[in-house]
Amino acid sequence: MATIEIDGKSLEVENGTMIIKAADEAGIYIPRFCYHEKLSIAANCRMCMVDIEKAPKPMPACATPVADGMKISTLSERAVEAQKGTMEFLLINHPLDCPICDQGGECPLQDQALGYGKDVSRFTEKKRVVEDKDIGPLIATAMTRCIHCTRCVRFGQEVAGIMEMGGTGRGEHMEITTFLGGSIDSEVSGNMIDLCPVGALTSKPYRYSARSWELQNHDAVSPHDCVGANLHIQTLRNEVKRIVPRDNSAVNECWISDRDRFGYEAVNSPERLTQPMLKSGDHWEVTDWKTAFSKVVQGLQTEINSAGPEGVAALISPLATNEEGYLFQKLLRSMDCDNIDHRLRQVDFLADSQQNLYSGAELPLEKLSTISSVLLVGSNIRKEQPLLGLKLRAASLGGSKIYAINSLDYHFNFKLDGALIVEPSTVPAALAGVALDVSRIVGTDLPEQFSAWAQLGGNRDVYSDIAEVLVADSAESLIILGDSCRQHPHYSVILAISNWIREVCGVKRIDLHEANGVGLTQNGCVPKNSENNALNLVSNPRSAYLLYGLDCVEDSIYGNVLEDSLKKANFVVSFSAFKSESMNHADVVLPITPYTECSGHFTNVEGMTQRSNAAALPRGEARPGWKVLRVLANQLSLSGFDFVDLNDVNSEMENTISEKPFEYPHDIEITLPDKHNGQDSNKLFHRIMDVPIYRVDPLVRRATALQKTADNSIRPIAGLNVEQAREFTLRDGTLMNVVTPEGNGISIQVQADNRVPVNCIYIPAGYIETAPLGVATHLTLEEV
Amino acid sequence: MLSDELISKINKEKTKYPIARAAVKSALRYAQEEHGWISEEVVRDVAEVLNLETIQVFEIATFYDLFYTEPVGKYQLRVCTNVSCMLRDSDSVVSHIQKKLDIKTGETTADGKFTLFEVECLGACGGAPMMMVGNEFYENLEPDTIDSIIEKLGASE
């Protein structure tokens, strides 16, 4: 510890602490531009000059470590003179365009110029002009404003893991730019907007649409992934203008993903549903809530009378809040119906046989950045959960070992110490291979039921590497199961094997969910009888369907089957914030509000329940879902729905929530791999599926800027192993026919993709175009 | 596009430093020797060999004056126009070369042989006015010595 004095205030600080940090912690203000707590120290803006006793000249507070007995003044004549001098230099080339600059009003340079700048510039020379760059659909640039603090450069290099920005040239000619004006494609690029201390990088979708001091702040939580990033939704005259991060060191630190930041564009889209509608013949008629409710009541009662409560199926989007989920299932269960599920991207429900299957994270998310080893199974974590990707990157930089078992050789923003890229059907087998090596190390026999899988996994060196690392520091080791596991036809096997590993050697596990999957599971949006799971509800047509917040084709990996069942159903009600294709199959459409207009709680994968507040009033006649459900239940004469406000719903939920959050299924029936595994047929390709980052939910699919990013393609593109692609004459935009064994086919653009292993074809889900393939695991490929 | 020999030279440089980024300068120097200038492809390829982002290599290529990010002639005539040379009439050296080769400062002759630069002091004030071509200094320049230097270089292959 060192005893120092800043501005006469005596402080005890850790040796090696930089002066600026010590001052920040003591609440003493030092001006700065380039210094940022989460980034490395550059000391290139020179704004944080302070006066240190016995030092011959002012020193930068951000890069000067404390020493015992140091006496520092931030306010002495010498310090202030140095700060004012720096400010004068910075303003030489900075334009005076604050009145039209989006940063105006929240600009560190503007604020500090007020404190340290001169009223009149002494420079009469021309200011330098720097050409603006087009760096993609999310970030607008005005590079003349740049003061070369390099925060954006360091963010890319250090936090995001992909250095896309850099400083080219030198001196007067220095420019911050991308290589050859390429776009910035990071999934967390929007944070550069917040980091930029001037108006050089601003939000493109928000550009020129409001002034920062007019905006109202609302505390919300992001629904797009299972992290639950904390947000400020900022509105002007009841319209969402932008979203910025709200610091929460336990969840998102000060970052949010681009999905969290720009997903709001959907809520202002012309596709918003603002009035209840009834289908009349083949067209839609606008109606009022009263008529719509009576139609729903009449329709539901008719179907229940003829087919019984089992004739009704209810499917809910994982984006729904806990309250919506709770009321939705309560409504169904009050009618003696257990047909409710939110897991429309899952096909294997065998692990449901034991209830309380909530299996989120076994450790706080903030610990991810210091974990010592990680095995990723079936996960493109960087695009599925961008903020967890950042944490793993931090862990990797700190020396953690990270391994992956995947079907696509994803490009991560951290280094993999070993990767096994196998066709999807072999993923559980590979995990069994790891389990076998774990069993050898810990000296416990691998359970009989896994041995067939372990046999299929064969012998690979990487298994023992992984096993050794996991066992070596098992309390600090982690298995992460990603979206591809959840979509896997043998998800239960993956769950069972990973369970066994964690039980014999004590590693932790995180089972990543979609959006608010954990909250909905806890609040009853899964069937009590596993037979009533989503796949069965979809593939055995029911006479009535209630769809909640779903674009049924894109939001389910068996959307094609769902669509057929909806066509066969007598009565379909869609609760939706948007007009969509799935509306065509509905009889009544009830307009609900997206999370920006609906308060409620989201539970993240760690089990942390956070409140998200409505930021704007509902648009048109749309209403928050929980209110719609409450009134509908009353109209159906169901008892127990006399809630006055959200808190009433909440207190009831707290009493009913599952008390055993961390229980793992044990007696999972282990199914054996399908017979047509392996290379028995050259003509069949294994299908690799994932849901691309900007196709996952109804909001992002309607967020126009996100749709234009490099991470998204408007139409799906299939990827073929590079070697095998040579057997076909593939050119840019080559269309090929892809057909399932059942004969359902689509024609799709195919390109060579170096991430795809041999005998596999990658076809993304989340598109209407690829929905006809459903969950087929094997496909044939023909040239058109 | 980089030759195997060049790649092995770069890989050797890589072993000299704790981080690959430190080897960029030497890598670019070798690459420029082979290709004459640092094109986009060279940046990409050097970045690939060193396992760096392209922008990291491009930053360094643009930082140093002696890395050319645009094509230059086979010979670069670097005429000093700093104080000592200026007093010894370097302006007329520059204008003589401009006239003789029919190029402006910074331009390259149509045959791709010569590029003319004005540079700051090269530390040979005793021989002002002077210019540097490749690694050679040419001092006490006068119109006919300049002509003979250019003709000699122009004739060589």
Side-chain angles (χ1 to χ4, degrees), chain A residues 40 42 44 128 130-131 133-136 139 141 143 146 148-186 188-189 192 201 393 396-397 399 411-417 710 754, chain B residues 1-2 10 14 17-29 31-32 35 37-72 76 78 81-82 105-107 115 117-122:
Chain A
S40 67
N44 56 9
R128 102 190 170 126
V130 184
E131 207 181 327
K133 279 90 189 168
D134 183 0
I135 53 171
I139 304 177
T141 64
M143 296 319 287
C146 177
H148 306 146
C149 72
T150 69
R151 276 186 183 181
C152 56
V153 176
R154 283 175 285 147
F155 174 79
Q157 194 181 353
E158 295 160 16
V159 180
I162 303 232
M163 186 173 170
E164 293 173 295
M165 299 284 259
T168 64
R170 169 160 58 103
E172 176 91 345
H173 303 288
M174 181 171 173
E175 291 187 21
I176 299 293
T177 181
T178 53
F179 181 55
L180 302 176
S183 62
I184 292 196
D185 300 331
S186 163
V188 290
S189 65
M192 291 183 193
L201 306 178
R393 170 168 171 78
S396 166
L397 291 179
H411 306 303
F412 291 112
N413 47 354
F414 42 81
K415 185 176 119 271
L416 287 181
D417 293 272
N754 60 11
Chain B
M1 116 169 244
L2 307 182
I10 295 175
K14 206 167 148 183
Y17 306 96
I19 54 167
R21 206 174 178 181
V24 171
K25 217 168 85 177
S26 338
L28 288 176
R29 194 158 55 86
Q32 184 160 294
H35 290 268
W37 64 293
I38 310 289
S39 62
E40 284 169 38
E41 287 77 30
V42 170
V43 172
R44 273 186 220 287
D45 292 353
V46 168
E48 201 185 309
V49 176
L50 292 174
N51 198 15
L52 294 169
E53 300 286 344
T54 45
I55 185 75
Q56 291 179 303
V57 176
F58 191 62
E59 279 183 328
I60 291 167
T62 54
F63 186 89
Y64 292 101
D65 263 4
L66 291 171
F67 288 135
Y68 306 115
T69 49
E70 268 161 29
V72 287
Q76 298 101 41
R78 316 179 72 85
T81 53
N82 211 296
T105 304
E107 288 182 350
T115 305
F117 292 109
E118 286 179 39
V119 299
E120 303 308 329
C121 186
L122 291 167

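Residue numbers start from 1 in every chain, and the chains themselves are labelled A, B, ... in the order their sequence lines are given, proteins ahead of strands.
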If one checks every heavy atom of B/Val57 against chain A at 4.5 Å, the contacting part turns out to be neither
Bottom line for A/Met174: the part with an atom under 4.5 Å from chain B's heavy atoms is neither
Give each N or O donor-acceptor pair spanning chain B and chain A at a distance under 3.5 Å, with atom names and distance to 0.1 Å, or state none.
from	atom 1	to	atom 2	distance (Å)
B/Glu59	OE2	A/Gly167	N	2.6
B/Thr62	OG1	A/Gly169	N	2.8
B/Phe63	O	A/Arg170	NE	2.6
B/Phe63	O	A/Arg170	NH2	3.4

Sorted by chain and number, sequence neighbours left out, side chain to side chain donor-acceptor pair (under 3.5 Å) with B/Gln32 holds for none
Between the CD1 atom in B/Ile55 and the CD1 atom in A/Ile176, the distance rounded to the nearest 0.5 Å is 8.5 Å
